[in-house]
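A short write-up of the structure that comes next.
Note on naming: letters A, B, ... go to the chains in the order of the sequence lines (proteins, then strands), and numbering restarts at 1 for each one.
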Amino acid sequence: MVCIELEPWIEKQIPPNLVDHFKNLRKDQLALQKRVIIEDHPSLSRISLVAGCDVSYFSNGDACAGIAVLEIPSLTQVEYVFYIYTPKIDYVPTFLAYREAPGIVEAYKKLQNKPDLIVVDGNGILHPHKLGIASHLGIILNKPTIGVAKRLLIGSFDEQILLENKFSPVMYKNQEIGAAVVTNQSYKPIYISPGNLLSIQTARSLISRYTRQRLPEPIRLADKLTRDTVKDLE
DNA sequence: GCGACAG
DNA sequence: ATCTTGTCGC
C-alpha cells in the first residue's frame with residue numbers, strides 16, 4: 001500500500017520497477033522530518049571538535065565514505081576514518097541520503113573522537129521536504145549538523161542582496177530554508193542550511209568561522225582524504 | 001510554455 | 001559523483 005505521490009520531475013528519473021520503493025523511502029523521509037529541530041542546541045556553546053564528511057566513488061561503483069575531525073579553532077586534523085561499501089541505490093535528486101548516509105554512519109562508528117558538530121557535503125532543510133542528507137544524518141546520529149552544497153537543489157534567492165551582503169536567504173514556497181553565501185574571492189556561492197539542532201543564522205555563523213577558501217575546511221579535508229583513499233586503493 | 005534538478 | 005588538457009591567476 002503506497003499512498004504517496006512523487007514529484008513528476010523526480011519520478012521520471014527512477015526506473016519504473018523501483019518507483020514503489022522510492023515512494024516508501026519518501027514516506028520514511030516524512031517521518032524523519034518530524035524529528036528535525038531547527039533550534040540551537042546548548043552544546044554548540046562549547047565546540048572543540050568539528051567533523052566534515054564526504055563520499056567518493058571507485059570506478060566499479062563502490063563508495064568510500066570518509067569523515068575528518070578537526071580541532072577548533074586551529075582547524076587542524078585530529079582524525080580520519082573511512083568505510084567502503086556498495087550503495088543500495090543510484091543517485092536520484094532528493095534521495096541522496098539513501099545512497100550516502102549508510103556509509104557515513106558506519107564510518108562514524110569507527111571514530112575515536114566524536115565531534116560536537118558535523119558539516120555535511122549536501123543539503124540540510126534546503127530540500128523539497130526539509131530532509132536533505134545533513135538533516136537525515138543529524139536525526140540518525142542525534143547530533144548538530146550543517147549542510148553545505150555547491151549547487152542549488154531547489155528554491156531561489158536575490159542576486160543583488162547576495163553581492164551586497166555576501167549572503168542572501170534561500171526561499172522556497174514562501175519559507176526561508178537556507179542561505180546562499182559568497183566567500184572570499186569566489187563569485188560562486190555555496191548554499192548553507194541547518195541539518196539538525198541549530199538555526200539558519202547559527203549555521204551561517206559557524207560555517208564562516210571554518211571557511212578559508214570557497215568551501216569550509218571540514219568539507220575540503222574530507223573531500224581530499226576520501227578522494228586520496230580511492231586513488232590509493234584502485 | 002520550457003527547463004531547472006545536492007552528490 | 002566521475003571522465004580529463006591545457007590554461008588562467010595568485
Side-chain angles (χ1 to χ4, degrees), chain A residues 6-15 22 25-26 29 32-33 36 52-67 82-105 107 118-138 145-157 159 170-173 177-181 183-196 200 203 207 212-216 218-220 222-234:
Chain A
L6 294 172
E7 296 79 349
W9 69 272
I10 293 175
E11 182 165 340
K12 77 178 186 186
Q13 298 186 51
I14 301 173
F22 276 85
L25 295 184
R26 178 70 87 217
Q29 285 185 317
L32 287 177
Q33 151 59 26
V36 173
C53 58
D54 189 30
V55 177
S56 288
Y57 295 85
F58 292 90
S59 53
N60 71 356
D62 280 356
C64 173
I67 301 178
F82 65 86
Y83 178 79
I84 296 174
Y85 67 107
T86 302
K88 291 192 178 72
I89 62 170
D90 282 334
Y91 168 75
V92 174
T94 75
F95 289 102
L96 176 64
Y98 295 92
R99 178 173 168 75
E100 305 192 333
I104 294 174
V105 170
I118 304 175
V119 182
V120 184
D121 195 335
N123 295 304
I125 62 173
L126 202 170
H127 178 280
H129 297 286
K130 296 186 189 314
L131 197 84
I133 188 171
S135 296
H136 192 114
L137 284 169
T145 56
I146 298 176
V148 176
K150 309 175 201 64
R151 303 190 309 183
L152 193 61
L153 174 60
I154 48 137
S156 60
F157 61 92
E159 199 76 47
V170 170
M171 306 298 289
Y172 180 66
K173 290 185 175 178
I177 57 175
V181 177
T183 56
N184 299 326
Q185 272 62 62
S186 183
Y187 285 75
K188 213 173 179 181
I190 59 175
Y191 306 91
I192 301 172
S193 62
N196 191 31
I200 294 180
I207 291 301
R212 291 182 163 172
Q213 315 255 304
R214 185 168 95 99
L215 294 170
I219 292 293
R220 290 189 60 217
D223 181 81
K224 181 199 176 3
L225 292 172
T226 207
R227 187 136 41 196
D228 285 349
T229 298
V230 168
K231 180 184 293 185
D232 293 346
L233 268 40
E234 292 257 57

For a quick check of understanding: with a heavy-atom distance under 4.0 Å over all strands, which category does [X] fall into, base, sugar-phosphate or nothing?
X        : value
A/Ser59  : nothing
A/Phe95  : base
A/Tyr91  : base
A/Ile133 : base
A/Asp121 : sugar-phosphate

### Short side-chain N/O contact to B/dG7 OP1/OP2 from A/Arg99, under 4.0 Å
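No, A/Arg99 has no side-chain N/O under 4.0 Å of OP1/OP2 on B/dG7.
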### Query
Which one, B/dG7, B/dA6, C/dT2, comes nearest to the side chain of A/Pro93?
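Taking heavy atoms from C-beta onward, the closest nucleotide is B/dA6.
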Produce the list of close N/O pairs, under 3.5 Å, pairing protein atoms with atoms of nucleotides 4-10 of chain C; give distances to one decimal.
none

### Message
How many whole angstroms separate atom CD of A/Glu100 from atom P of B/dA6?
### Response
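Result: 12 Å.
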### Message
Distance check needed: C/dA1 P versus A/Asp62 CG, whole Å only.
### Response
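Rounding to the nearest Å, CG of A/Asp62 and P of C/dA1 are 18 Å apart.
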### Task
If the plane angle is over 60° it's perpendicular, under 30° parallel, otherwise tilted; pick one for A/Phe157 and A/Tyr191.
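Tilted: the ring planes of A/Phe157 and A/Tyr191 meet at 30° to 60°.
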### Summary
Intra- and inter-strand pairing of DNA chain B, written as dot-bracket with Watson-Crick and G-U pairs under 3.5 Å and | for the latter, reads .......
### Message
I'd like to check A/Cys53 versus A/Ile67 (side-chain heavy atoms, cut-off strictly below 4.5 Å). Are they in contact?
### Response
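Heavy-atom side-chain distance check passes, below 4.5 Å.
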